[in-house]
Amino acid sequence: MTSKLTSLRSAKTVYDLASLLGFSPSSITFILYNLPPATKYKTFSIAKRSGGTRLISAPEPRLKSLQRRLADLLQECRDEINALPENKKSRSHGFERQRSILTNANIHKRKRYVFNIDLENFFPSFNFGRVRGFFIKNKKFQLEPKIATLIAQIAIHNNELPQGSPCSPVISNLVADALDRRLDRLARQNRCRYSRYADDITFSARVRDFPADIAVPTGANFDPSAVLQSIIASSGFAINPNKTRMQYSMSRQIVTGLVVNEKPNIRKEYRRTLRAQVDSYAKTGSFTYVDSSGTPIPGRARQLEGKISHACAVKMHNAGPLNDSMRVGEIFKIARKFWLSHLFARRLKPVILCEGKTDNAYLRAALKSLALQYPSMVDSSARNATFKVEFVNLNSLAAEVIGLGGTANLCKLIHNYDKEVLKFSRSRPLHPLIIVVDNDSGAKGVFGKIKEATGKTVDINTKEHFYRIKDNMYVVKVPEGRLNEERAIEHLFDPPVLNTPLHGKIFHPGDKNFDPTKHYGKEAFAQNVVRPQANTLNFRGFVPLLDRIEEVLKDY
């Protein structure tokens with residue numbers, strides 16, 4: 001298979017480049033030369049954490065799609081270059097696959113000195129000529145001038161790489177690679193570590209005296225050395241004089257927002273603010289944050305979810321996969337409180353929580369197929385059917401933090417629902433939480449919790465359509481079959497579907513007596529049997545279950 005880099009280097013015409021990008025030549029020509037310049041980008045400002053504003057130029061959809069294809073192509077070329085034996089892996093951690101602020105910060109943990117500088121006007125420093133010239137002259141690319149020109153035309157706006165374009169990050173990293181190599185060499189010559197995250201550059205060392213080739217003391221602070229300034233200037237960049245700082249081991253050391261004195265960690269202020277915001281959201285459904293000018297601004301749940309995901313990622317980076325001992329830590333308690341409230345009390349649609357990870361795929365496919373029968377759950381008038389209910393993703397970090405999936409976890413959720421969800425909320429949830437379980441012996445624990453809450457005895461033969469547990473929580477079981485017959489959700493498919501062979505194997509839904517040489521499991525069934533045939537399968541067997549869910553919506 002020809003490498004992407006080889007193919008790009010061989011490209012001579014717009015037709016060749018279009019083929020690599022999966023675009024028609026006429027589409028590229030139209031986007032570059034016929035779209036009115038004023039319509040190509042929408043420009044707006046966002047507040048920066050450090051103060052001031054950042055100008056964002058968001059490309060219109062067709063241009064954005066073209067830039068995304070170009071970004072993917074160039075990233076594959078970059079991966080090929082980094083994989084060559086003669087190339088040391090890049091010291092860039094921003095906008096790189098398998099890298100993040102965590103990998104960047106980890107390099108500088110437990111150091112005597114941490115020295116930070118910022119590159120001034122980072123993206124604006126990449127103009128049309130610089131980008132075009134790089135792709136022509138760089139030894140790894142050496143593209144045809146016409147192709148380099150087309151790439152620059154796709155990427156550049158107002159003679160700079162716009163913040164908001166999908167291809168700006170990878171192009172900036174490609175061009176800045178020469179700077180990274182020179183600064184990494186300088187660092188190693190002086191027994192230091194070096195890394196860059198976009199415009200944020202860090203040197204760190206354990207040596208007794210910080211190397212004068214990198215930074216020199218000026219009173220209470222350190223300034224970049226003449227050597228460092230020369231390398232940066234000759235590489236086409238400038239240092240922001242207002243963002244230079246030396247951090248010592250006896251005080252708090254911060255790298256890309258994380259404390260690195262011992263190991264990458266979130267700041268105490270971050271944790272305290274996050275806890276207060278989650279408390280507010282759980283109780284009222286809203287929270288505020290303070291912008292760079294000190295003004296309180298209403299926040300969105302999506303912002304809070306991003307902050308929580310970040311904090312959890314830092315903890316899991318340090319401690320490994322999430323386990324029960326980690327769940328009692330403060331960050332995971334905060335995260336659990338947020339997601340329990342967010343998923344089950346604050347949703348703007350009814351929520352369906354299934355027992356198994358593949359059940360969502362079945363129910364989604366069934367609802368799309370039977371959309372006209374269930375207008376309360378799916379809108380079939382749109383071009384693509386849109387759901388009026390939400391499904392909890394059991395593969396998500398939220399499910400991992402809360403502990404969802406399987407009947408044992410459902411029993412814990414039912415048992416703790418009052419004190420972990422309802423007692424935090426000052427208002428009644430707008431929509432029901434509908435738990436869907438198989439009607440088999442594995443659900444005995446859930447059946448017991450139903451009896452604790454309602455006094456009703458439940459087994460695989462009882463035929464009530466739903467059980468209201470407490471407030472907005474309901475349980476619906478897969479409809480009953482013959483007397484004493486155990487039925488999982490997969491049994492709602494027609495027998496010919498269940499008997500579909502896959503690579504010479506037959507479907508087996510359980511763990512008991514599962515032979516991997518003869519059987520395939522639920523994940524393979526959902527991905528390779530149900531999903532590809534979702535538009536043609538007959539889902540009439542799901543009607544009784546969907547009827548029960550619809551009854552819950554009416555009841556609540």
Side-chain angles (χ1 to χ4, degrees), residues 352-380 384-395 404-407 410 434-443 446 460-461 463 465-466 475-552:
I352 295 176
L353 171 60
C354 293
E355 174 186 341
K357 292 183 177 181
T358 55
D359 299 354
N360 287 355
Y362 308 150
L363 290 176
R364 285 174 179 272
L367 276 174
K368 281 188 176 182
S369 176
L370 303 168
L372 294 177
Q373 277 183 247
Y374 298 100
S376 62
M377 288 189 275
V378 61
D379 181 3
S380 60
N384 294 313
T386 56
F387 293 108
K388 297 180 181 180
V389 295
E390 296 190 55
F391 297 86
V392 178
N393 180 6
L394 295 183
N395 291 307
L404 297 176
T407 53
L410 288 177
I434 306 165
I435 298 173
V436 177
V437 296
D438 290 337
N439 189 29
D440 58 18
S441 56
V446 175
I460 61 174
N461 294 313
K463 298 183 180 294
H465 287 189
F466 63 81
V475 173
V476 170
K477 62 178 180 137
V478 169
E480 303 72 31
R482 298 183 298 273
L483 185 67
N484 295 327
E485 179 189 9
E486 296 193 8
R487 283 168 60 81
I489 194 170
E490 285 81 10
H491 290 112
L492 302 181
F493 287 100
D494 288 340
V497 179
L498 293 175
N499 293 329
T500 302
L502 196 61
H503 307 303
K505 301 178 182 180
I506 59 173
F507 175 54
H508 189 296
D511 295 327
K512 189 176 180 180
N513 299 323
F514 184 90
D515 183 347
T517 64
K518 300 177 181 178
H519 304 138
Y520 65 90
K522 294 182 179 182
E523 185 68 30
F525 178 71
Q527 294 296 328
N528 301 311
V529 177
V530 176
R531 184 161 291 175
Q533 304 179 75
N535 294 329
T536 57
L537 288 179
N538 188 329
F539 286 94
R540 62 178 178 270
F542 281 78
V543 168
L545 175 59
L546 295 177
D547 284 347
R548 290 183 173 188
I549 294 173
E550 190 170 50
E551 287 182 53
V552 171

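The first residue in the sequence is number 1, and the count goes up from there. Note that the coordinates shown come from a computational prediction; the quantities given were computed from them, not determined experimentally.
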Give the intermediate values and the outcome of side chain to side chain contact (heavy atoms under 4.5 Å, CB included) for residues Y520 and T500. CA-CA 10 Å; Y520 65 90; T500 302; 4.1 Å; yes
With rounding to the nearest 0.5 angstrom, report the CG to CG distance, L394 to L404. 6.5 Å
Got more than 12 heavy atoms from elsewhere within 6.0 Å of CG, N395? yes
Look at the aromatic rings of F507 and F525 and report parallel, tilted or perpendicular, splitting at 30° and 60°. parallel
Under 3.5 Å, sequence neighbours excluded: what are the donor-acceptor pairs made by side chains of residues 360-372?
| residue | atom | partner | partner atom | Å |
| --- | --- | --- | --- | --- |
| N360 | ND2 | V392 | O | 2.9 |
| Y362 | OH | T358 | OG1 | 3.4 |
| Y362 | OH | E490 | OE2 | 3.0 |

Does E550 reach the main-chain N or O of L546 with its side chain, forming a donor-acceptor pair under 3.5 Å? no
Tightest non-hydrogen contact, residues K388 and S376, listed as CB-O, 3.6 Å
Kindly determine whether V529 and F493 satisfy side chain to side chain contact (heavy atoms under 4.5 Å, CB included), including the steps that lead there. CA-CA 11 Å; V529 177; F493 287 100; over 6 Å; no
From L545 atom CG to R487 atom CZ, the distance as rounded to the nearest 0.5 Å: 10.0 Å
All ring pair (Phe, Tyr, Trp, His ring centres under 6.0 Å) counterparts of H465, not counting sequence neighbours: none
Can L353 and L410 be said to form a side chain to side chain contact (heavy atoms under 4.5 Å, CB included), step by step? CA-CA 9 Å; L353 171 60; L410 288 177; 3.7 Å; yes
List for me each residue that meets salt bridge (charged side-chain N to carboxylate O under 4.0 Å, His left out) alongside D547, sequence neighbours excluded, and say none if there are none. none
Check A488 against V478 and note the closest heavy-atom contact, atom names and distance. O-CG1, 4.0 Å
Check salt bridge (charged side-chain N to carboxylate O under 4.0 Å, His left out) between R540 and all other residues, then give those that pass, not counting sequence neighbours. D494
Counterpart residues, salt bridge (charged side-chain N to carboxylate O under 4.0 Å, His left out), relative to E390 (two or more places apart): R347
Provide the closest heavy-atom pair for N513 versus H519 in the form atom of the first, atom of the second, distance. O-CE1, 3.4 Å
How long is the span from the NZ atom in K505 to the CG atom in D515, to the nearest 0.5 Å? 8.5 Å
Looking at D511, I want to see if its CG is surrounded by more than 12 non-hydrogen atoms of other residues, nucleotides or ligands under 6.0 Å. no
Which pair of non-hydrogen atoms, one from K463 and one from N461, has the smallest distance, and what is that distance? CG-O, 3.3 Å
Could you work out, with salt bridge (charged side-chain N to carboxylate O under 4.0 Å, His left out) as the rule, every residue matching R548, not counting sequence neighbours? E480
When rounded to the nearest 0.5 angstrom, what distance separates CD1 in I489 from NZ in K522? 9.0 Å
Heavy-atom pair with the smallest gap, counting every atom of V543 and Y374: O-OH, 3.2 Å
Between CG of N393 and SG of C354, what distance do you get to the nearest 0.5 Å? 11.0 Å
Residue pair T407 / A443: nearest heavy atoms and the distance that separates them: CG2-CA, 4.1 Å
In this structure, CG of L492 is separated from CG of L498 (nearest 0.5 Å) by 9.0 Å
